[in-house]
Every structure is written in structure tokens, then in C-alpha cells.
2 protein chains.
Amino acid sequence: MLFHSKDLQNLEDRYRRNLINSLHSAKSVCLVGTANRQGHSNLAIFSQMFHIGANPPLIGLLVRPDSVDRHTLKNIRETERYSIQHIKESYFREAHQTSARYPENVSEFEAVGLNEIYLSDFPAPFVEKADLKIGLKLNSTQKLEVNGTVLVIGEIVMIEVDSRAVSMDGYIDPEIIGSVAGGGLDGYYSLTKLARLSYAKPNEPLKEILE
Amino acid sequence: MLFHSKDLQNLEDRYRRNLINSLHSAKSVCLVGTANRQGHSNLAIFSQMFHIGANPPLIGLLVRPDSVDRHTLKNIRETERYSIQHIKESYFREAHQTSARYPENVSEFEAVGLNEIYLSDFPAPFVEKADLKIGLKLNSTQKLEVNGTVLVIGEIVMIEVDSRAVSMDGYIDPEIIGSVAGGGLDGYYSLTKLARLSYAKPNEPLKEILE
């Protein structure tokens with residue numbers, strides 16, 4: 001199938017939304033936990049977290065100002081702390097359900113049945129059964145002029161991860177911790193490792209990194 | 001395992017790089033094809049493409065100015081056109097190999113053995129055997145002040161996709177077209193569909209979207 005600009009403009013809205021959102025093959029779906037100043041908690045699914053830097057360790061999230069994620073953005077701005085956790089096969093349905101438009105006084109943790117937990121003195125809640133939990137401190141927000149999307153950049157201040165998934169060289173294997181990937185707006189996929197490949201150099205064959 | 005800010009700072013560089021890059025569980029790895037004004041082609045692997053909007057249809061890429069992707073960024077700025085394509089299980093090794101630091105006069109298409117193809121009058125090359133090819137026109141670039149990373153925003157002007165992978169509602173199934181996901185800096189994963197879930201509403205059970 002071949003679509004040019006004009007074809008895309010003429011597509012039915014839902015079809016275009018699905019199509020454009022599925023071009024990514026696999027999305028880094030995750031759950032973002034926040035609390036407002038009164039300690040009222042919120043949990044929201046995000047389909048794209050991305051790496052910005054390793055030193056300092058920075059993660060980006062994109063928030064559409066008109067989306068259900070707006071409570072998340074409000075809380076992040078209020079407290080400057082939030083959590084990110086992976087989504088496991090055992091609770092991807094609950095994770096998806098957090099995208100329902102609950103009223104602000106409802107905690108999605110409770111509504112979807114994912115237990116919240118606080119770690120050390122970090123003020124944002126985590127999903128208790130996540131095997132990969134990240135605590136972040138807001139670094140900055142930046143508006144994308146092109147459509148008003150807000151890029152939220154956070155510095156990692158804490159990581160808790162199941163040690164069985166962490167290799168000697170720091171690599172975390174998402175298959176071992178049972179993380180899922182997202183597809184389009186509503187698809188979920190399990191991951192099966194093909195290989196880890198060595199650092200590529202011209203005219204040198206790649207090797208598999210065995211653990 | 002538990003890491004706090006200080007622990008992260010004290011990690012050995014390679015360990016930290018692997019760890020921080022693996023927090024995403026699944027990355028949207030893709031190949032970006034460009035040509036300079038003289039028509040010399042370039043192919044580079046990117047581990048993160050992300051959705052910015054569906055109407056107009058916009059895709060973002062992050063480019064580190066000091067990385068091997070610099071030829072890509074230069075070409076994108078010169079011609080304002082580039083291609084993005086998914087990576088299939090059948091050529092993820094070749095895709096990884098494009099990250100080697102080849103001299104500027106070497107085309108990675110040739111060096112790694114992926115045939116290039118031009119479609120319609122679009123000036124950037126595509127990977128011939130990709131079943132999902134996207135042609136983009138540069139919309140804007142934006143520097144992230146936090147670490148100099150450049151966010152490249154492109155508008156989709158063309159999509160070619162294997163029709164067998166496209167559902168009635170526009171959803172493209174990455175499992176059907178054999179797309180891989182990335183893990184960390186060097187891991188590759190195949191995808192197996194768990195489910196597509198219906199639009200979530202409070203107090204309403206989710207249904208599976210069957211195709």
C-alpha cells in the first residue's frame with residue numbers, strides 16, 4: 001500500500017491515527033506515577049519514553065497538553081518528582097486501563113488494581129509489582145512549537161531493578177523481566193531476544209555478546 | 001539492585017551507559033536513509049523514533065551531535081528529505097553494522113549489503129527489502145539545552161507498507177511484518193502479539209480488538 005501526503009490528509013481520522021501511530025514498530029510503553037502536593041496519587045500509561053543522555057542520566061517523555069496525561073504533567077510540575085516503571089505481561093491490561101479518563105480525585109492505582117508503594121524518601125509512588133522502577137527529578141520542560149506537545153526531561157535519581165535481569169556489563173534484559181512493548185495506540189507485545197551484537201567497526205565481523 | 005544518584009555517578013562508564021540505555025525495555029529501532037546534494041547515500045541506525053502528532057503526521061528523531069549520525073543530520077539539513085524504515089529480523093545484523101564509523105565517502109548501503117532503492121521522485125534512498133518505508137520532509141530541528149542533543153522533526157510525506165500487515169482500521173502489526181525492537185545499545189528482540197485492547201473507559205471492562 002502506498003500513501004502520499006494527500007492520501008494521508010484524506011484518510012478517516014481514526015484510520016490515520018492508527019496508521020501513523022503504528023509506524024514505530026515497538027514503543028517504550030511505561031507507567032508514570034505521580035502525587036500532587038496533598039499526596040493524592042496518579043498513574044498514567046505513556047507510550048514513549050526515550051533516552052536523552054547517560055551522564056547525567058536523562059529520560060524524556062512527551063505529553064500532549066490536551067490528553068489524559070494532563071494530571072501527570074500538573075503533578076510533575078508541582079512536586080518535580082515522578083516515577084517510571086516498565087509494564088509486565090502480567091499487568092498490561094491494568095496498565096492500559098489507566099488511560100481511561102478518571103476524575104482527578106480518583107487514583108488510577110486503586111481504580112485499575114495496581115498497588116502503590118513508596119521507596120526510601122522518594123515522594124512519588126511506584127507500582128509495587130514492577131521489577132524495574134525509576135525515580136526521576138524534573139530537569140526541564142520544553143514546548144515543541146510544531147504542535148504544542150511538551151517534552152518533559154527528567155534526571156534519574158533512583159533505579160530499583162530485579163538483579164536477575166542485569167548482566168555483568170549493566171545491560172538489563174527486558175525479556176527476563178517480562179517487559180512488554182507497545183504497538184500503535186493499543187497493541188502489546190512480548191519480547192524474545194534475537195541477540196546482543198558487538199560494537200560495530202568497519203570491515204570487522206560482528207560477534208554476539210553472550211552473557 | 002538499588003542505585004541512587006551517587007551510585008550512578010560512581011559506576012564505570014560502560015556499565016552506566018548500558019544500564020541507563022536499557023531502562024526503556026523496547027526501543028523503536030529504525031534505519032534512516034539520506035543522500036547529500038551530490039546524491040551520495042548514507043544509512044544509519046537510530047534507536048528511537050517517536051510519535052509527535054498524527055495530523056499533521058510528525059515523527060521525531062534524536063541526534064547526538066558527536067555521534068556517527070552526524071552525516072545523517074548534515075544530509076537532512078542539506079536536502080530536507082530522509083527516509084525511515086523498520087528493521088526486520090532478516091537484516092538486523094546489517095542494520096547494526098551501519099553504526100560502524102565509515103568514512104564519509106562510503107555508503108553504508110553498500111558497506112553492509114543492504115540494497116538501496118528510490119521511490120517516485122523522492123530524493124532520499126530507501127532500504128529495498130524493508131516492508132515499511134516512510135518518506136519525510138524536514139519540519140524543524142530543535143536543540144535540547146540540557147545536553148546539546150538535536151531533536152529532528154519530520155513530516156511524513158509518503159508511506160509504503162506491505163498491505164498484509166495493515167488492519168481495516170489502519171493498525172500496522174509489527175509482528176506480521178517481522179519488525180524487531182531494540183534493547184539497550186546492542187540488543188535486538190522479536191515481537192509476539194499479546195493483544196490489542198479497546199479504548200479504556202472508567203468502570204467498563206476492556207475488550208480485545210480482534211482482526
Side-chain angles (χ1 to χ4, degrees), chain A residues 1-5 8 15-22 24-26 28 48-54 57 86 93 96-97 99-100 102 134 139 146-147 149 153 157-161 163 169-172 174 179 181 183-184 186-197 200-202 206, chain B residues 1-5 8 15-26 28 48-54 57 86 93 96-97 99-100 102 134 146-147 149 153 157-161 163 169-172 174 179 181 183-184 186-197 200-202 206:
Chain A
M1 294 167 94
L2 184 62
F3 302 92
H4 284 103
S5 289
L8 293 174
Y15 191 100
R16 180 177 51 234
R17 229 178 13 248
N18 279 325
L19 185 77
I20 303 298
N21 271 284
S22 327
H24 306 259
S25 297
S28 307
Q48 316 186 96
M49 60 185 280
F50 47 92
H51 176 81
I52 295 185
H86 74 146
R93 288 164 204 277
H96 186 78
Q97 182 62 33
S99 63
Y102 292 103
I134 312 164
N139 168 290
V146 70
N147 68 353
T149 299
I153 300 175
V157 295
M158 197 178 132
I159 300 169
E160 197 195 63
V161 56
S163 57
D169 65 358
Y171 181 86
I172 304 169
S179 297
D186 47 30
Y188 296 89
Y189 292 81
S190 64
L191 299 159
T192 305
K193 184 150 82 173
L194 297 167
R196 283 184 69 192
L197 299 176
K201 291 176 184 173
L206 292 167
Chain B
M1 294 167 95
L2 184 63
F3 302 92
H4 283 103
S5 289
L8 294 174
Y15 191 101
R16 180 178 48 236
R17 232 183 4 252
N18 280 325
L19 185 76
I20 302 299
N21 271 285
S22 329
L23 297 176
H24 306 258
S25 296
S28 307
Q48 317 185 96
M49 60 186 280
F50 47 92
H51 175 80
I52 295 185
H86 75 147
R93 288 163 203 276
H96 186 78
Q97 182 62 32
S99 63
Y102 292 104
I134 312 165
V146 68
N147 68 353
T149 299
I153 300 175
V157 294
M158 198 177 132
I159 300 169
E160 197 194 65
V161 56
S163 56
D169 65 358
Y171 182 86
I172 303 169
S179 298
D186 48 29
Y188 296 89
Y189 292 81
S190 64
L191 299 159
T192 306
K193 184 150 81 173
L194 297 166
R196 283 185 70 193
L197 299 176
K201 292 178 184 172
L206 292 168

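Predicted model, so just to flag it, every value in this text is computed and none were measured. Throughout, protein chains are lettered first and strands after them, A, B, ... in sequence-line order, and every chain is numbered starting at 1.
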Report task. Would you kindly check if the NZ (Lys) or CZ (Arg) of A:R196 is within the cone defined by 45 degrees around the ring axis of A:Y171 and under 6.0 Å from the six-membered ring centre? Result -> yes

**Report entry** Beyond-backbone contact of B:L2 with A:I159, side-chain heavy atoms, under 4.5 angstrom
**Finding:** no

Requested in this report: Pick whichever of B:G170, B:P57, B:G183, B:A54 has the most heavy-atom pairs under 4.5 Å with chain A.
Outcome: B:G170

Requested in this report: Measure distances from A:Q97 to the heavy atoms of chain B and classify the residue's part below 4.5 Å as side chain, backbone, both or neither.
Outcome: both

Query raised in the report: Non-hydrogen atoms of chain A under 4.5 Å away: do they reach the side chain of B:L8, the backbone, both or neither?
Result: side chain

Query raised in the report: Where does B:I153 contact chain A at under 4.5 Å (heavy atoms): side chain, backbone, both or neither?
Result: side chain

Query - A:S22 side-chain N/O to A:G184 backbone N/O, donor-acceptor pair under 3.5 Å - result: no

Query - Under 3.5 Å donor-acceptor, A:N147 side chain and B:I52 backbone - result: yes

Requested in this report: Give, for atom CG of B:L191 and atom OG of A:S190, the distance between the pair rounded to the nearest 0.5 Å.
Outcome: 8.0 Å

Query - Best-contacting candidate, A:R16, A:H51, A:K193, against chain B by heavy atom pairs under 4.5 angstrom - result: A:H51

**Report entry** Residue among A:S25, A:G53, A:S163, A:S179 with most heavy-atom pairs under 4.5 Å to chain B
**Finding:** A:S25

Query raised in the report: For the candidates A:I20, A:L206, A:D186, which exhibits the highest count of non-hydrogen atom pairs separated by less than 4.5 Å from chain B?
Result: A:D186

Report summary line: Cut-off 4.5 Å, heavy atoms of chain B, and the answer for A:L197 is both

Report task. Please round to the nearest 0.5 Å and tell me the distance separating atom NE2 of A:H24 and atom CD of A:Q48. Result -> 6.0 Å

Report task. Give the member of A:H96, A:R93, A:E160 that has the highest number of heavy-atom pairs under 4.5 Å with chain B. Result -> A:H96

Report summary line: Turns out that what part of A:K201 lies under 4.5 Å from chain B's heavy atoms comes down to backbone

Report summary line: Turns out that what part of A:I134 lies under 4.5 Å from chain B's heavy atoms comes down to side chain

Report task. Compare all side-chain heavy atoms of A:H4 with those of B:V157 and state whether any distance is below 4.5 angstrom. Result -> no

Query raised in the report: Would you say A:S28 and A:F50 make side-chain contact, with heavy atoms under 4.5 Å?
Result: no

Query raised in the report: Is it the backbone or the side chain of A:N139 that comes under 4.5 Å from a heavy atom of chain B, or both, or neither?
Result: side chain

